[in-house]
A.B. asks: 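This is the structure, below, for whatever I ask next.
What you are looking at is a predicted structure, and each value in this text was computed from that prediction instead of being measured.
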Amino acid sequence: MRVLICDDNSIFLDEIQSLLTEYFASRSLSLPEIVRYTDPNMLLADTEAIDLLFLDMEMPGHDGIFVGNKLQQTHPYTIMIAVTSHPDYLDNAMHFGCFAYLTKPIDRNRFYRNVGDALKKYQEQSALIHVQTKTEIAAVQARDIILIEGEKRTSIVHTVYGDYHSLQTFSFWSRMLTQPYFYVTHRSVLINMAHVKIVEADRILLDNGQYAFLSRRRNMDFRRRFIEFYTQL
């Protein structure tokens, strides 16, 4: 796990890092990698995985709202916790899918609750799914599955690593992938909302360049769920 803290005030960087150290020690958990940034441009230039981010809303140059919206496009699975002295920022923070928020001065109990909830979400997103083919059993993270298409008694699992011709049926995957970001858009099509680029009238463009059919009867519900996915706390 990789945890980032971005705040132009080194006092709050120290405080959040200290609270993280206390939290993991109190639960006998290994301390994850912690990276600190005082410059939001350095955060935006970070191309590695960002699993959990504590993001200050008030920074010179690019504020947290700008940074959060940019990161949502490049790191859709990042769990962001907004940190602010001014609650007025929070409405906009929620719009880019901020998971939770902390107000300064930071309350230890609230911090512990938020980190605990964030770790549960991280574990869900990182869950390993085993795809069985004729030649292998491949372990992939649920979040790396882009699209699943049913084919009679088998299925094709499209992932960020490539495609797998799975011996498991489409109904198997529909039962297995219960995370809220998966959605059956058509009779035999299951997509991961985090990989959606464009929603058209009757189809969806995914970030691997494929289109997924969107049935008429599921259209309105999918659009509602898609909006909720990107605005959930």
A.B. asks: Should we say atom CZ of Phe213 is surrounded by more than 12 heavy atoms from elsewhere, each under 6.0 Å from it?
C.D. replies: no
A.B. asks: Hey, could you give me the CG/CG distance between Asp46 and Asn41, rounded to the nearest 0.5 Å?
C.D. replies: 12.5 Å
A.B. asks: Please give me the minimum heavy-atom distance between His158 and Glu149, naming the atom from each residue.
C.D. replies: NE2-OE1, 2.7 Å
A.B. asks: Test the Arg110-Tyr101 pair against the cation-pi criterion, namely NZ or CZ under 6.0 angstrom from the six-membered ring centroid and within 45° of the ring axis.
C.D. replies: yes
A.B. asks: Could you walk me through whether Asp221 and Arg224 pass salt bridge (Lys or Arg N to Asp or Glu O under 4.0 Å), step by step?
C.D. replies: CA-CA 5 Å; Asp221 184 62; Arg224 177 184 60 80; 2.5 Å; yes
A.B. asks: Salt-bridge test for Asp7 and Lys104: reply yes if a basic N is under 4.0 Å from a carboxylate O, no otherwise.
C.D. replies: yes
A.B. asks: Take a 6.0 Å sphere around CZ of Arg217 and say whether it holds more than 12 heavy atoms from other residues, nucleotides or ligands.
C.D. replies: no
A.B. asks: Below 4.5 Å, heavy atoms only, C-beta onward: do Leu119 and Tyr23 meet side chain to side chain?
C.D. replies: yes
A.B. asks: For the backbone of Ile65 and the side chain of Asn69, can you confirm whether one donor and one acceptor N or O come within less than 3.5 Å of each other?
C.D. replies: yes
A.B. asks: With distance as the sole criterion, is a donor-acceptor pair present between the side chains of Arg113 and Asn109 under 3.5 Å?
C.D. replies: no
A.B. asks: With the side chain counted from C-beta on, respond yes when Val67 and Leu55 share a heavy-atom pair under 4.5 Å apart, and no when they do not.
C.D. replies: yes
A.B. asks: Give a yes or no on whether the backbone of Gln123 and the side-chain of Ser126 come within a donor-acceptor separation of less than 3.5 Å.
C.D. replies: no
A.B. asks: Do Met59 and Tyr37 touch side chain to side chain, with heavy atoms closer than 4.5 Å?
C.D. replies: no
A.B. asks: Quick check: is Ile156 connected to Val140 through a chain of hydrophobic side chains (ILVMFWY, heavy atoms under 4.5 Å apart)?
C.D. replies: no
A.B. asks: When clusters are formed by joining ILVMFWY residues with side-chain heavy atoms under 4.5 Å apart, either directly or through shared neighbours, do Leu205 and Phe222 land in the same one?
C.D. replies: no
A.B. asks: Roughly how far apart are Leu206 CG and Ile191 CD1, rounded to 0.5 Å?
C.D. replies: 5.5 Å
A.B. asks: With a 3.5 Å distance limit and no angle check, can you tell me whether His75 reaches the backbone of Glu48 through a side-chain donor-acceptor pair?
C.D. replies: yes
A.B. asks: Do the side chain of Ser155 and the main chain of Glu151 share a donor and acceptor less than 3.5 angstrom apart?
C.D. replies: no
A.B. asks: Enter the distance from Gln17:CD to Asp14:CG here, rounded to the nearest 0.5 Å.
C.D. replies: 7.0 Å
A.B. asks: Is it true that, when you exclude Lys70 itself, more than 12 heavy atoms of the residues, nucleotides or ligands shown sit nearer than 6.0 Å to its NZ?
C.D. replies: no
A.B. asks: If you look at every heavy atom in Arg225 and Phe182, which pair is closest and at what distance?
C.D. replies: NH2-O, 3.8 Å
A.B. asks: Determine yes or no for a side-chain-to-main-chain donor-acceptor pair under 3.5 angstrom, with His62 supplying the side chain and Leu44 the backbone.
C.D. replies: no
A.B. asks: Knowing that exactly one of Thr78, Leu4, Ile50 qualifies, which makes a side chain to side chain contact (heavy atoms under 4.5 Å, CB included) with Leu71?
C.D. replies: Ile50
A.B. asks: Can you find a heavy atom in the side chain of Ile34 that is under 4.5 Å from one in the side chain of Leu20?
C.D. replies: yes
A.B. asks: Taking the side chain from Ser10 and the backbone from Leu13, do they hold a donor-acceptor pair closer than 3.5 Å?
C.D. replies: no
A.B. asks: Can you tell if the side chain of Arg36 reaches within under 4.5 Å of the side chain of Met42, non-hydrogen atoms only?
C.D. replies: no
A.B. asks: Does the cation-pi check pass for Arg203 over Tyr211, that is, NZ or CZ under 6.0 Å from the six-membered ring centre and within 45° of its axis?
C.D. replies: yes
A.B. asks: Check Ala142 against Tyr181 and note the closest heavy-atom contact, atom names and distance.
C.D. replies: CB-OH, 3.9 Å
A.B. asks: Would you find more than 12 non-hydrogen atoms of other residues, nucleotides or ligands less than 6.0 Å from Leu128 atom CG?
C.D. replies: yes
A.B. asks: Is the backbone of Tyr161 close enough, under 3.5 Å, to the side chain of Thr159 for a donor and an acceptor to pair up by distance?
C.D. replies: yes
A.B. asks: Roughly how far apart are Phe99 CZ and Asp117 CG, rounded to 0.5 Å?
C.D. replies: 5.0 Å
A.B. asks: Please give me the minimum heavy-atom distance between Ile148 and Phe170, naming the atom from each residue.
C.D. replies: O-CE1, 3.7 Å
A.B. asks: Are a donor atom and an acceptor atom from the side chains of Ser166 and Gln132 found within less than 3.5 Å of each other?
C.D. replies: no
A.B. asks: Within the distance-only criterion (no hydrogens, no angle test), does the side chain of Asn192 pair as donor or acceptor with the backbone N or O of Ile145 below 3.5 angstrom?
C.D. replies: yes
A.B. asks: Backbone N or O of Ala201 within a donor-acceptor pair of the Asn219 side chain at under 3.5 Å?
C.D. replies: yes
A.B. asks: Roughly how far apart are Ile146 CD1 and Asn208 CG, rounded to 0.5 Å?
C.D. replies: 4.0 Å
A.B. asks: Enter the distance from Lys120:NZ to Ile79:CD1 here, rounded to the nearest 0.5 Å.
C.D. replies: 12.5 Å
A.B. asks: Among the clusters formed by ILVMFWY side chains lying less than 4.5 Å apart, do Leu102 and Val3 turn up in the same one?
C.D. replies: yes
A.B. asks: For the residue pair Phe226 and Val199, establish whether any side-chain heavy-atom pair is separated by less than 4.5 Å.
C.D. replies: yes
A.B. asks: Looking only at side chains, do Asp51 and Tyr77 share a donor and an acceptor under 3.5 Å apart?
C.D. replies: no
A.B. asks: Are Phe111 and Phe54 an aromatic pair, judged by ring center distance below 6.0 Å?
C.D. replies: yes
A.B. asks: How close do Arg218 and Tyr183 get, counting heavy atoms only, and between which atoms?
C.D. replies: O-OH, 3.6 Å
A.B. asks: Indicate yes or no: at least one non-hydrogen side-chain atom of Val160 is less than 4.5 angstrom from one of Asp207.
C.D. replies: no
A.B. asks: Are Arg108 and Glu22 close enough for a salt bridge, meaning some N to O gap below 4.0 Å?
C.D. replies: yes
A.B. asks: Taking all heavy atoms of Glu58 and all of Ser85, pick out the closest pair and write down the distance.
C.D. replies: OE1-N, 3.3 Å
A.B. asks: Quick check: do Asp163 and Val157 have side-chain heavy atoms less than 4.5 Å from each other?
C.D. replies: no
